[in-house]
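The first residue of the sequence shown is numbered 1, and numbering continues consecutively from there.
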Amino acid sequence: MLRIDTDTPGITLTPLSYEVAIHQRLSETEIPVAPVLAYEGDGAAFTNGRPFYIRAWIDGTVEPPGLRDQGPASDGLRIAVARELVRVLGAVHALDWRGLRFDAFMRVPTSPALAAREYVELQISHLHSLDIEANPVVLECLLALRDAPPPPPSAICLTKGNLGIGDEIWVDA
């Protein structure tokens with residue numbers, strides 16, 4: 001699988017090297033990921049100089065066959081898929097992110113009590129750095145979260161930004 005960085009600034013907070021570092025570290029764990037085979041941060045002629053990486057191909061599907069079928073016959077499949085998503089998410093949360101050196105490239109909150117506020121401040125800063133006008137609803141939501149953050153977590157752990165149908169590869173589903 002070839003992943004080439006975009007040729008225009010996007011709304012993502014991180015460079016492609018960040019994604020590569022995540023996949024490399026996760027491949028050292030029980031979390032199912034396709035291993036990174038090659039990474040080129042300076043790009044190549046065929047990518048017009050844009051960074052890229054190559055990961056192993058996983059032969060599967062982004063949606064288990066029959067998942068959207070109506071009726072009780074598909075209920076077991078939907079329950080199994082939901083349980084697997086929760087199992088993997090729980091495994092990600094339980095990883096020893098310090099031992100895996102995620103803090104070598106990730107911004108880590110200074111404390112659980114400040115985690116939400118620091119993340120919201122990062123998002124607000126990023127919105128202001130973009131060469132586009134921020135969506136007023138998004139900005140209002142961020143400002144509201146800054147003024148009234150959610151309760152702090154009990155610990156700092158890894159999370160997964162995208163989890164669900166279409167964001168995972170299902171093998172033998």
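- Among all heavy-atom pairs drawn from G60 and I169, the shortest one is CA-CG2, 3.8 Å.
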Please report, to 0.1 Å, the donor-acceptor pairs under 3.5 Å made by any side chain of residues 103-115, with sequence neighbours excluded.
residue, atom, partner, partner atom, Å
T110, OG1, E118, OE2, 2.5
S111, OG, A113, N, 3.4
S111, OG, L114, N, 3.2

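- Counting non-hydrogen atoms of neighbouring residues, nucleotides and ligands closer than 6.0 angstrom, the CZ atom of R78 exceeds 12 such neighbours.
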Enumerate, atom names and distances included, each donor-acceptor pair closer than 3.5 Å involving a side-chain atom of residues 89-97, sequence neighbours excluded.
residue, atom, partner, partner atom, Å
H93, ND1, L158, O, 2.7
D96, OD1, R98, N, 3.4
D96, OD1, G99, N, 2.9
W97, NE1, I156, O, 2.9

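- Put simply, the side chain of E84 does not reach to within 4.5 Å of the side chain of E168, judged on heavy atoms.
- Using a 4.5 Å heavy-atom threshold, the side chains of P64 and V81 count as touching.
- In this view, L37 and I54, A56 satisfy the side-chain contact (heavy atoms from CB on, under 4.5 Å) rule, not counting sequence neighbours.
- Both Y18 and V33 are members of a single hydrophobic cluster when ILVMFWY side chains are connected at heavy-atom separations under 4.5 Å.
- No continuous path of ILVMFWY side-chain contacts below 4.5 Å connects L85 to I79, so the two sit in separate hydrophobic clusters.
- Note that CH2 of W57 is 9.0 Å distant from CE of M1, once rounded to the nearest 0.5 Å.
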Which atom pairs, donor and acceptor, lie under 3.5 Å between side-chain atoms of residues 138-146 and protein residues at least two apart or in another chain?
none

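- Residue L77 comes nearest to P65 through the heavy atom pair CD2-O, 3.3 Å, listed as atom of the first residue, atom of the second, then distance.
- A donor-acceptor pair under 3.5 Å is absent between the side-chain atoms of S74 and the main chain of G71, judged by distance alone.
- In this structure, the separation between CD1 on I4 and CG on L16 is 9.5 Å, given to the nearest 0.5 Å.
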Go through the steps to decide whether Q24 and Y39 satisfy the test side chain to side chain donor-acceptor pair (under 3.5 Å), and finish with yes or no. CA-CA 11 Å; Q24 288 172 328; Y39 168 67; over 6 Å; no
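- Using a 4.5 Å heavy-atom threshold, the side chains of L26 and F102 count as touching.
- Q70 is linked by a side-chain contact (heavy atoms from CB on, under 4.5 Å) to nothing, counting only residues two or more places apart in sequence or in another chain.
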Side-chain atoms of residues 42-51: list all donor-acceptor pairs with protein atoms under 3.5 Å, sequence neighbours left out, distances to 0.1 Å.
residue, atom, partner, partner atom, Å
T47, OG1, A44, N, 3.0
T47, OG1, A44, O, 3.0
T47, OG1, R50, N, 3.4
T47, OG1, R50, O, 2.8
R50, NE, T47, O, 3.1
R50, NH1, D5, O, 3.1

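- Between W170 and E63, the shortest heavy-atom distance links the atoms CD1-N, 4.2 Å.
- Atoms CD1 and CD1, on I22 and I31 in that order, are 12.5 Å from each other to the nearest 0.5 Å.
- Ion pairing between a basic and an acidic side chain is recognised when a charged N comes within 4.0 Å of a carboxylate O; R25 and E28 show no such pairing.
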